[in-house]
Amino acid sequence: MAQPQSPSRSQASPGFVARLLGAHSALGLFIGGVMYLICLSGTATVFYEETERWEQPNAPVVESVSPEAMTRAVESFLALGTAGDHLYITLPTGDFPRFMVSGDEDGWIADADGTLVEKAEHEWTHFLINLHIYLNLPRTLGLTLVGIAGVLLTALIISGFLAHPRIFRDAFSLRWNRSPRLAQADLHNRLSVWASPFHLAIAVTGALIGLSIALLFVVAQLFYDGDTDRASAPLGSGDLPADARPAPLADFGTALAALRAAHPEVEPFSITVHAPGTAGQFIDITAEYPRRLVYGERWRFDAAGTLLAREGWADGPIGKQVYISTYKVHFGSFGGLPVKLAYFAFGLGLSVIAISGVNIWLMRRRDRGRALPRFETLWTGLTWGTPIGFALAWMADEWGLAPPTPVFWAVLAATLAIAWFVAEREALSRWLRGLTAGLWGLVAALHALTYGLAAPVSLWVDSGLFLMALALAWTVRRPRPAEGAKLPVAMKG
Amino acid sequence: MPSLDLFMAMFAGVLSLGGLAVLYLAWRRPGRSIPLLVLGWGLLVVSALPWAAAGGADRGPALAMVAVSAAALLLIGITGQWRGAAPRRRREATPAAEPAGSTGWGHWGLVVLVAGPLAAAAAFALGLPFMRVDGWAESDRLVASAFAIVILWSAAAVWVCATPRLMRATATLAGLTAAGAVVLLVL
């Protein structure tokens with residue numbers, strides 16, 4: 001939706017460029033709002049390991065765990081009778097120094113001795129993840145819609161580059177002191193160009209992940225007689241035949257020791273016991289290769305801890321490696337905190353691109369005397385109602401008032417309803433920005449008061465939230481001189 | 001082995017930042033400087049090698065892209081014109097961009113149908129024949145099909161939204177869908 005910043009001197013014909021620009025506008029208007037929700041929730045999800053820890057900051061930090069402690073934790077968990085068909089053991093790593101034992105329904109955080117300390121409660125983080133991956137819809141529908149959004153984001157990237165012949169010639173221009181429309185266009189285009197590797201990576205991997213169910217369904221129908229398990233088997237082994245007769249719990253300690261002895265270069269982070277306590281049980285251990293993009297490698301053991309197979313995610317066919325690399329590429333978990341911070345910034349940038357793209361289109365209409373004032377206020381409502389909803393969802397969950405998902409959607413709906421009836425767009429934008437800043441400052445303060453700042457994750461996250469709230473408040477206090485009455489509030493997003 | 005060879009990463013970082021700096025200098029010059037552009041892009045491309053040595057064959061170049069993107073945006077943030085409104089120049093009066101073609105609801109409803117379900121069908125029909133390629137591992141076929149479908153669908157969506165001849169695009173996509181289906185049946 002951005003415009004070229006000067007008449008093109010390239011070889012592309014003006015008609016061709018105008019048509020592509022029109023296509024870019026149409027695609028952006030069609031998907032902009034949903035894209036913004038996916039982008040903003042995805043931005044927060046980059047730090048999902050940290051926000052899970054932040055939700056229970058005083059749970060034990062564990063650097064390593066002995067086989068005896070693992071056994072103790074698992075026995076305690078199984079005694080609760082909530083394991084279901086799977087037993088998951090999350091081993092502590094540098095990125096996630098927690099020791100957890102989970103089943104199909106719930107999980108517990110344990111200390112280094114294997115004592116179950118507290119139930120894992122990460123409702124708010126899981127709400128954000130579900131919003132990002134499923135739009136809080138039923139899973140197959142939501143995942144497919146998010147996959148389609150990935151396709152359209154890819155289309156927006158393609159059309160954006162084709163529609164802006166000067167995009168490289170203006171590669172370093174940021175003229176924030178010019179007209180609001182040019183400022184927004186520069187911001188939109190500079191973020192779009194220089195973060196394009198990130199945009200393309202997350203768009204394509206997001207589309208692949210999102211369309212995986214639809215794709216596997218079609219492939220299964222056409223090539224595997226409708227058997228989706230066989231269709232997906234080339235990418236990851238399925239379950240072994242079940243045998244429900246009772247048996248002693250699988251010896252995951254022996255399996256883990258065997259793996260560590262054979263592959264000291266990897267870092268195991270997850271053990272899954274399938275059908276625990278039955279004669280058909282087996283063990284999967286997943287470990288990370290620190291210098292690879294692949295999510296990990298998986299080794300399968302029988303109940304006695306004897307190696308059955310290696311998945312081949314790290315050294316199998318290239319397609320398998322590419323497929324399993326989509327996770328780290330999409331979520332930015334391949335370079336520690338620096339890459340996560342960069343992904344967070346790029347994610348915020350992509351959210352800004354989604355907002356500014358529609359803003360530019362609205363400004364253009366206003367400049368040509370065809371303003372859409374209701375659309376402008378609604379767009380402002382969506383822009384700020386989303387982070388306001390995130391904050392209130394956390395508060396409602398923290399105080400046990402309501403689950404985060406309905407709270408978020410209710411807040412967003414209320415914000416849009418208010419925006420519908422507010423005629424003064426400038427005031428609406430300033431008011432909502434101020435409310436967003438205030439609520440996030442309040443979240444940081446309440447969290448710090450409730451849990452203290454002794455845990456490093458609390459100190460860092462609360463400080464980060466507070467600084468972001470301050471920065472946002474600063475924009476409310478000091479509007480740009482170039483703005484004012486001429487600039488509709490929605491233009492500021 | 002550590003996850004990052006710091007010495008090699010520093011060398012790679014210097015090359016990447018050097019490439020970026022050269023591109024910035026080229027941009028600052030009044031005319032287009034092909035040698036500087038070649039040098040800048042060349043340094044960025046070449047820096048992928050030490051990045052790969054520093055962080056892994058696949059992970060290193062990914063780290064390079066993150067580093068270059070972040071550095072470029074930081075540079076733009078630092079050098080941007082943030083204050084002191086300059087006189088509005090003629091070039092700021094930019095051409096308008098409206099979605100192409102007719103703006104009626106019927107037209108856009110058809111665009112949604114053609115860029116959505118029909119373009120998806122064409123992308124699946126043209127991407128799925130990768131599943132029939134001999135000599136490839138099953139996972140390679142599956143992943144190649146998936147990538148092809150995503151890229152083809154995206155490209156088709158752009159084309160449908162941009163073309164002034166929507167009916168021709170519709171017919172073409174329908175034809176491609178049929179052709180792909182025939183290929184799948186025959187192979």
Side-chain angles (χ1 to χ4, degrees), chain A residues 3-6 18-23 25-27 151-152 154-155 158-159 171-172 174-179 182 185 190-191 194-195 197-198 204 207-208 211 215 218-219 222-223 234-235 265 290-293 316-320 322-323 325 329 334-335 339 342 345-346 364 368 481-482, chain B residues 1-3 23-24 27 55-56 58-59 62-63 65-66 69-70 72-73 75-77 79-86 88 91-92 94-101 108 111-112 124 128 131 137-147 149-151 153-155 157-158 161-164 184:
Chain A
Q3 61 243 10
Q5 290 148 6
S6 64
R19 285 198 299 274
L20 281 164
L21 201 53
S25 298
L27 287 163
V151 170
L152 294 179
T154 310
I158 294 170
S159 59
F172 294 95
L174 181 58
R175 294 157 290 187
W176 194 251
N177 57 352
R178 300 290 175 84
S179 69
L182 184 70
R190 297 301 85 76
L191 286 170
W194 287 106
F198 163 81
V204 173
L208 288 174
L211 294 175
L215 178 66
V218 173
V219 167
L222 291 175
F223 304 102
L235 301 176
E265 76 279 13
R291 289 168 59 87
R292 295 294 309 278
L293 273 183
I318 189 70
K320 211 170 196 174
V322 168
Y323 157 74
S325 297
V329 170
F334 57 87
V339 171
F346 296 159
R364 189 182 298 131
R368 299 167 79 195
Chain B
M1 182 178 276
S3 63
L23 287 178
Y24 181 69
W27 174 78
D58 54 357
R59 178 172 163 270
L63 290 171
M65 289 190 181
V66 171
S69 294
L73 291 173
L75 179 63
I76 289 168
T79 59
Q81 300 169 20
W82 295 98
R83 290 181 178 281
R88 189 177 175 122
R91 60 186 292 183
E92 293 179 22
T94 54
E98 289 297 328
W108 286 110
V111 167
V112 169
F124 271 79
L128 284 173
M131 291 296 294
E138 277 185 289
S139 56
D140 294 351
R141 297 179 201 165
L142 194 55
V143 171
S145 290
F147 268 98
I149 288 166
V150 168
I151 300 302
W153 188 357
S154 305
V158 173
C161 291
T163 183
L184 281 173

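Proteins get letters first, then strands, A, B, ... in listed order; numbering begins at 1 in each.
Of the possible donor and acceptor atoms, none in the side chain of A:R19 sits under 3.5 Å from a partner among the backbone N and O of B:P164. In this structure, the side chain of B:S139 does not engage the main chain of A:L235 through any donor-acceptor pair within 3.5 Å.
Closest of all the heavy-atom pairs between A:R292 and B:D58 is NE-OD2, 3.2 Å. Contact detail for B:I76 and A:A171: the closest heavy-atom pair is CD1-O, 3.5 Å. Heavy-atom minimum distance, A:G335 versus B:R59: CA-NH2, 4.2 Å. Nearest heavy atoms, A:P197 versus B:M65: CB-SD, 3.7 Å. A:I158 approaches B:S154 most closely through the heavy-atom pair CD1-CB, 4.0 Å.
For the set B:D140, B:V143, B:L63, the entry with the most heavy-atom pairs within less than 4.5 Å of chain A is B:D140. Per-residue counts of heavy-atom pairs under 4.5 Å with chain A were compared for B:S69, B:A146, B:A62; the largest is that of B:S69. If you tally non-hydrogen atom pairs under 4.5 Å between each of A:I318, A:V151, A:T154 and chain B, the highest count goes to A:V151. Residue with the most contacts toward chain B among A:V219, A:L174, A:L222: A:L174 (heavy-atom pairs, distance under 4.5 Å). Between chain B and the residues A:L152, A:V329, A:V218, A:V339, the most heavy-atom pairs under 4.5 angstrom are made by A:V218. Annotation: maximal heavy-atom pairing with chain B below 4.5 Å, among A:G319, A:S325, A:P234, occurs at A:G319.
For B:W153, the parts sitting under 4.5 Å from any heavy atom of chain A are the backbone and the side chain alike. Heavy atoms of A:L211 lying under 4.5 Å from chain B belong exclusively to its side chain. Of the atoms belonging to B:A70, heavy atoms from both backbone and side chain fall under 4.5 Å from chain A. For A:A345, no part sits under 4.5 Å from any heavy atom of chain B, backbone or side chain. In this structure, the portion of B:V112 lying under 4.5 Å from any heavy atom of chain A is its side chain and not its backbone. Residue contact with chain A, scored on non-hydrogen atoms closer than 4.5 Å, involves the backbone and the side chain of B:F147 alike.
In this structure, the separation between CD on B:E138 and CZ on A:F223 is 11.0 Å, given to the nearest 0.5 Å. Interatomic distance, CZ of A:R190 versus CG of B:L73, reported as 10.5 Å (0.5 Å rounding).
The environment of B:M131 atom CE is dense: over 12 non-hydrogen atoms of other residues, nucleotides or ligands sit within 6.0 angstrom.
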Apply side-chain contact (heavy atoms from CB on, under 4.5 Å) to residues A:F198 and B:V66 and explain how you reach the verdict. CA-CA 7 Å; A:F198 163 81; B:V66 171; over 6 Å; no
Hey, mind stepping through A:V204 and B:I151 against side-chain contact (heavy atoms from CB on, under 4.5 Å) and telling me if it holds? CA-CA 8 Å; A:V204 173; B:I151 300 302; 4.3 Å; yes
Could you go through the side-chain contact (heavy atoms from CB on, under 4.5 Å) check for B:L142 and A:Y323 one step at a time? CA-CA 9 Å; B:L142 194 55; A:Y323 157 74; over 6 Å; no
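In this structure, A:W176 and B:W82 have tilted ring planes: the angle between them lies in the 30° to 60° band.
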